[in-house]
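The structure appears below as structure tokens.
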Amino acid sequence: MSTYNHKQVEKRWRNFWQEHNISSVKMDLDKPKYYCLDMFPYPSGSGLHVGHWRGYVLSDVFSRYKTLQGYQVLHPMGWDAFGLPAENDAINKGIHPTVSTASNIANFKRQLQEIGAMYNWDREINTTDPDYYKWTQWIFLKMFERGLAYQKEMPINFCPSCQTGLANEEVVGGECERCGSQVEKRKLKQWMLKITAYADRLLEGLKQLEWPEKVLKMQEAWIGRSEGAEIDFYIQDMDEKISVFTTRPDTLFGATFMVLAPEHELVEKLTTDEYREQVEEYIRQTQTKSSVERMANKDKTGVFTGSYAINPVNDRLIPIWISDYVLIDYGSGAVMAVPAHDERDYEFAQVFGLDIIPVIADLDGIIPELPFVMDGILINSGKFDGLSSKEAKDSIVKYLAEEGRAVATVQYKMRDWVFSRQRYWGEPIPIVHCDSCGQVPVPESELPVRLPDVKNYQPTGTGESPLAAIEEWVNTTCPACGGKAKRETNTMPQWAGSCWYFLRYVDPHNNEALADKEKIKYWLPVDLYVGGVEHAVLHLLYARFYTMFLKDIGVVEFDEPFKKLFNQGMITKDGAKMSKSKGNVVNPDELVEHYGADALRIYELFIGPPEIDAEWMDNGIEGVYRFIQRVWAIVENSVNVNIEPTRKSEQLRHRLIKTITERLESFKLNTVVSAFMEYVNEVSQVFGGKQMIDRKSIETLAILLAPLAPHFAEEIWAKLGNENSIFVNATWPSFDPEMLVVDEVTIAVQVNGKTRGTVTLAVDANEETAKAEAFKITAVNNALEGKEIVKTIYVKGKILNIVVK
RNA sequence: GCCGGGGUGGCGGAACUGGUAGACGCUACGGACUUAAAAUCCGUUGGGCCAAAAGCCCGUGAGGGUUCGAGUCCCUCCCUCGGCACCA
């Protein structure tokens, strides 16, 4: 008997699939479709480890399962290839990003092919391909046309030593990731995308998604909608007013001071000469404080400006302070401080000895310990006394609104998206700056604006992108007036290309549009999106935003691109996330070599519940390997022998179909594997423990195994005499419920809830029969001795419990 | 601090809607085959009492509760991993 030679077999079938174009898929309106998408990777130099494999195996299992069920399955792969590592390599080693990217992609592709994954390679995309980023730029232009892309002065991270702007993810603990210098803030004109215009839709849309609760919550928190009011405060002896946002207008009578962000535009005007020195010193301090310090130290600091505002409900004069606990970019950058009912204001009032007036009592009318931040009943609030917080929020805003001094509003934590990077390796922003015409979009016919080749990737030192140094590229003519103009030298962030890539896969070579409308209509939305939870907010929010925008301009017909999201858990080694620096990376290549891709695939599933983190065990794969060998031995023993199925073997077979199907559908993939093992253990006993089974059982087993172990299943399928691929020939089997009915069942016998033994009965045996059998058990009789039976509980097929006293 | 996940043998984990806790796999030990080894196959493997078996006791992070019966439901708490964090 020959052992199963995975190396030969897997290679042969991979060739077969390639030669017969098995993975190619076309739109077919007569068939149902299934779009199974992996988050496409950034092709890094270090390749894939077994942690990455987990998600890819999962999506491939699902794709193959759906294929066997007769769906047209779109399961594409591509490369999110713009990004910093390639650019850094270019700076440090002088390798052109295109070159390093291409070789990394080749390695990734090899690894993915070794998984045996059924990717539609004829639809491969690459975000750095000009034919692709042409459309990334096109979407930007459409946003620009509609006022959703605009420029604004924004502080960016700047490394004084590397002389370059840094992305947030390159700043670690306030220091430059590469050289360790303190990162500074520099104000530069940045491109922004007005994602806030979609805040409500982004929030609302979450309701219809089958996403992990965790991700929905994270997005909700990120959008951070809060309802409240804007209230105007006049300034004493000055023709100015300050507007504040509050969610608690019911506490307005308790506002005893006001706090502005140090950057607030009125600070200078409000500061009296007496306090000017201190105020300026404080502002200077906050500016030099790194964001890390500002976050770490939550002790309240601040200074008085010398001016007073007037509380609009009681005309009380309240001092105006500045403090860095008030953020300039939320609300109006100013707050009314109600120390009795807000923890931060309370702390501030304590530090500086400011008045604290309670205006909310609890529901029993008692003033609780301050600060009391819950809703309650109003006190010390003039004619509003006695109202509940809820009523008062309304009434007070209405009252002030009559005089135009308040308006109900909604605020979001989400900010507009800073969309420019001072980088070479990204999509050029297709805008031209003309002295007479201003910002002029590059005409669609001139897209793509290609990245020029450069010799030197060194940053310019001005905080501009390296593109700024390429004069022949920067200097151009204005598309509007034909005069001298300069190209925008900022590039797009890495997220840009991934915001819409799932659309391109349906029509990757289209030159006329980002994708054909009919094809979009057929394939989208994505039925299953598989990827790591690290993209819970940014990528998944940006992609939703893009989709909504594309719907608004008539490119797509749906709001939400990803119906169902699945986040696979991380695979850890020695209790830690796998990383090169920790030296705990498990490389799949050797495992594939030794045990085969199928064994590795199955182990990736078997390791634990797919959504939960799992610890890698080197010898865990051994068990899976043995399982494959064992099944192979059974197949070899049986295939040329004529074995008649028995009732028992048929029952096991039908039960297996049911179990595997149900567990696949509910993503309990670790238990899919154990179900196969249990089946093989049991079925090999059926025919006298001879490690042989009937042909029908082998056939079913092969099909059910095919999503998990495609090469292995093909080999069995061929051994059965089939000539084409199992994925072409076979269809997913169904089970007969009648075959699941068992006639005997073993149930537990308990005395007072403690199990004392088991009895095997006919499924529909009555209580008397059950009891009679139970009384034959020594342990049951021991427990009953000298006791009185109070009652018995008998649940057919489940339990017999005898209650005694 | 807030939100979410997790806590079950030596290890990874199973357990439907409350019904025999520890399936399946790993490890370890014993045995068969072999000149020997590898591979394979068979058996044992939560802890304890007992020479052994029968039998009994304990056992799903801790403590309470509901129930004939709780890993599963309710209350209080602990540990751990992630996310957010001065958003008024």
Side-chain angles (χ1 to χ4, degrees), chain A residues 1 3 212-218 220-222 224-226 228 244-248 251 255 259 261 294-295 297-300 323-327 329-338 341-345 347-348 373 411-415 533-534 536-537 569-570 572 575 577 602-603 606-609 611-624 626-627 629-630 633 662 668 670-671 673-681 689 691 746-759 778-779 782-783 790-795 797-804:
Chain A
M1 184 179 66
T3 55
E213 202 55 33
K214 177 184 181 168
V215 178
L216 294 175
K217 284 261 167 62
M218 280 168 79
E220 197 183 312
W222 184 267
R225 180 191 155 98
S226 52
V244 303
F245 174 74
T246 179
T247 54
R248 296 295 303 271
T251 64
V259 188
R294 203 165 154 167
M295 254 153 40
N297 183 9
K298 287 190 179 170
D299 294 339
K300 295 287 174 288
S323 172
D324 64 3
Y325 86 86
V326 175
L327 309 173
D329 53 0
Y330 183 76
S332 59
V335 300
M336 64 175 216
V338 185
H341 305 291
D342 180 284
E343 274 163 16
R344 298 147 301 181
D345 298 345
E347 219 182 291
F348 193 83
V373 299
Q411 284 288 332
Y412 300 92
K413 281 186 204 169
M414 186 169 65
R415 315 285 148 90
V533 74
E534 63 273 18
V537 181
M570 203 171 61
T572 58
K577 182 178 177 164
I602 294 177
Y603 181 58
F606 193 48
I607 194 165
E611 70 280 7
I612 291 176
D613 292 353
E615 170 73 10
W616 184 266
M617 311 258 288
D618 284 321
N619 44 26
I621 195 171
E622 297 269 0
V624 169
R626 276 177 215 157
F627 167 74
Q629 293 295 346
R630 189 167 171 201
E662 283 175 356
K668 293 183 172 175
N670 53 327
T671 65
V673 179
S674 54
F676 276 120
M677 291 172 168
E678 280 174 80
Y679 170 76
V680 171
N681 288 346
Q691 304 287 327
T746 302
I747 67 166
V749 178
Q750 301 181 331
V751 177
N752 282 349
K754 278 197 171 154
T755 302
R756 298 292 170 177
T758 59
V759 288
T778 321
N782 286 351
V790 181
K791 61 173 173 175
T792 53
I793 288 143
Y794 176 59
V795 183
K798 294 272 189 196
I799 198 100
L800 174 67
N801 190 6
I802 303 167
V803 185
V804 297

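Lettering of chains follows the sequences in order, A, B, ..., and the numbering in each one begins at 1.
Side-chain nitrogen and oxygen atoms of A:R756 include at least one within less than 4.0 Å of the OP1 or OP2 phosphate oxygen of B:C56. Checking the phosphate oxygens (OP1, OP2) of B:C24, no side-chain nitrogen or oxygen of A:T671 falls inside 4.0 Å. Of the side-chain N and O atoms in A:R626, none sit less than 4.0 angstrom from OP1 or OP2 of B:C41. Close to B:C58, at under 4.0 Å from its OP1 or OP2, lies a side-chain N or O of A:K754. Regarding contacts with the backbone of B:G12, every side-chain N or O of A:N670 stays at 4.0 angstrom or more from both OP1 and OP2. When the side-chain nitrogen and oxygen atoms of A:S674 are compared with OP1 and OP2 of B:G12, none of them lie within a distance under 4.0 Å. Using a 4.0 Å cut-off, no side-chain N or O of A:N801 falls inside it from OP1 or OP2 of B:U20.
Look at B:U44: its Watson-Crick or wobble partner, with both distances under 3.5 angstrom, is B:A28. Of the nucleotides present, none pairs with B:C50 by Watson-Crick or G-U wobble criteria with both distances under 3.5 Å.
Looking only at atom types and distance, the side chain of A:S226 has no donor-acceptor partner in the side chain of A:Q411 under 3.5 Å away. For the residue pair A:Y325 and A:D299, no side-chain donor N or O sits within less than 3.5 Å of a side-chain acceptor on the partner.
Residue A:M336 comes nearest to A:A255 through the heavy atom pair CB-CB, 4.3 Å, listed as atom of the first residue, atom of the second, then distance. Of all heavy-atom pairs between A:V259 and A:F348, the closest is CG2-CE2, 4.4 Å.
Taking atom CD1 of residue A:I612 and atom C1' of nucleotide B:C81, one finds them 12 Å apart after rounding to whole Å. Between the CZ atom of A:F606 and the C1' atom of B:C11 there is a distance of 13 Å, rounded to whole Å. The distance between atom OH of A:Y330 and atom C1' of B:A85, rounded to the nearest whole Å, is 14 Å.
Comparing the same atom, P, in B:C50 and in B:G31 gives a spacing of 27 Å after rounding to whole Å. Only the C1' atoms considered, B:U67 is 12 Å distant from B:C74, to the nearest whole Å. Here, B:G1 and B:C77 have their P atoms 12 Å apart, quoted to the whole Å.
Comparing B:G13, B:U27, B:C56 against the side chain of A:P609 picks out B:G13 as the nearest.
Evaluation of atom-type donor-acceptor distances gives no pair under 3.5 Å for the side chain of A:K214 against the base of B:C3.
Checked against a 6.0 Å centroid threshold, the rings of A:W616 and A:Y603 count as neighbours.
Two residues, A:E615 and A:A675, neighbour RNA chain B, and the one matched to the more 5' nucleotide by heavy-atom proximity is A:E615. The nearest heavy atom of RNA chain B to A:E678 and to A:V795 marks one nucleotide each, and the one closer to the 5' end goes with A:V795.
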